[in-house]
Amino acid sequence: FSPAEDASGPVPVAVEFAKSQGADATILEGKPQIGTKDGKAFFFRWEDSSSSSEQMRFVQIGLTVGGTLLSYSNTVGI
């Protein structure tokens, strides 16, 4: 897939995974920052704008182009 934000793209997959892991649904309502690694993986990051820049809270998910989970980080509850 590509990082296009449509109903069949990876963003809904990332959001559903984060929700299944107990991520705060409020942070996932915003538009994520999207990055790529050599066109083989995509990373989606939602930041909590109410947190300080020194202690930025975020949810980040890495997926391969095939949809396999590479990484998951959730610092919102910390």
Side-chain angles (χ1 to χ4, degrees):
F1 51 63
S2 73
E5 291 192 55
D6 60 35
S8 64
V11 173
V13 171
V15 169
E16 287 307 311
F17 175 80
K19 286 180 180 178
S20 77
Q21 298 302 303
D24 182 355
T26 306
I27 195 172
L28 300 172
E29 292 174 357
K31 183 176 177 182
Q33 298 173 25
I34 301 173
T36 185
K37 176 79 172 162
D38 301 326
K40 297 179 182 178
F42 295 101
F43 295 87
F44 306 92
R45 181 178 175 117
W46 293 264
E47 293 182 347
D48 179 359
S49 60
S50 68
S51 60
S52 70
S53 59
E54 295 172 2
Q55 294 289 330
M56 179 60 66
R57 296 180 299 191
F58 65 90
V59 172
Q60 181 172 301
I61 299 172
L63 299 171
T64 67
V65 293
T68 302
L69 179 69
L70 290 173
S71 64
Y72 174 69
S73 298
N74 180 355
T75 65
V76 176
I78 297 175

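Here the structure is a predicted model, which is why all the values come from computation and not from measurement. By convention here, the first residue in the shown sequence is residue 1. Reckoned from all heavy atoms, side chains included, excluding hydrogens, waters and symmetry mates.
- Minimum heavy-atom separation, Leu63 to Phe44: CD1-CE1, 4.0 Å.
- Each of Leu70 and Phe42 belongs to its own hydrophobic cluster when Ile, Leu, Val, Met, Phe, Trp and Tyr are linked at side-chain heavy-atom distances under 4.5 angstrom.
- Heavy-atom minimum distance, Thr75 versus Met56: OG1-O, 3.8 Å.
- The two residues Ile27 and Phe58 have their closest heavy-atom pair at CD1-CA, 4.3 Å.
- Between the side chain of Thr64 and the backbone N or O of Ala41, no donor-acceptor pair lies under 3.5 Å.
- At least one donor-acceptor pair under 3.5 Å links the side chain of Asp24 to the backbone N or O of Thr26.
- The line from CD1 of Ile61 to CZ of Phe17 is 6.5 Å long, rounded to the nearest 0.5 Å.
- Of all heavy-atom pairs between Phe43 and Ser71, the closest is CE2-OG, 3.8 Å.
- Between Ala23 and Val59 the shortest heavy-atom distance is CB-CG2, 4.2 Å.
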Applying side-chain contact (heavy atoms from CB on, under 4.5 Å), run through Gln21 and Asn74 and close with a yes or a no.
CA-CA 9 Å; Gln21 298 302 303; Asn74 180 355; over 6 Å; no

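- The two atoms that bring Val65 and Gly39 nearest to each other are CG1-O, 3.2 Å, heavy atoms only.
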Please lay out, stage by stage, how Arg45 and Ser73 fare under the test side-chain contact (heavy atoms from CB on, under 4.5 Å).
CA-CA 9 Å; Arg45 181 178 175 117; Ser73 298; over 6 Å; no

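- Using a 4.5 Å heavy-atom cutoff, the side chains of Trp46 and Val15 are in contact.
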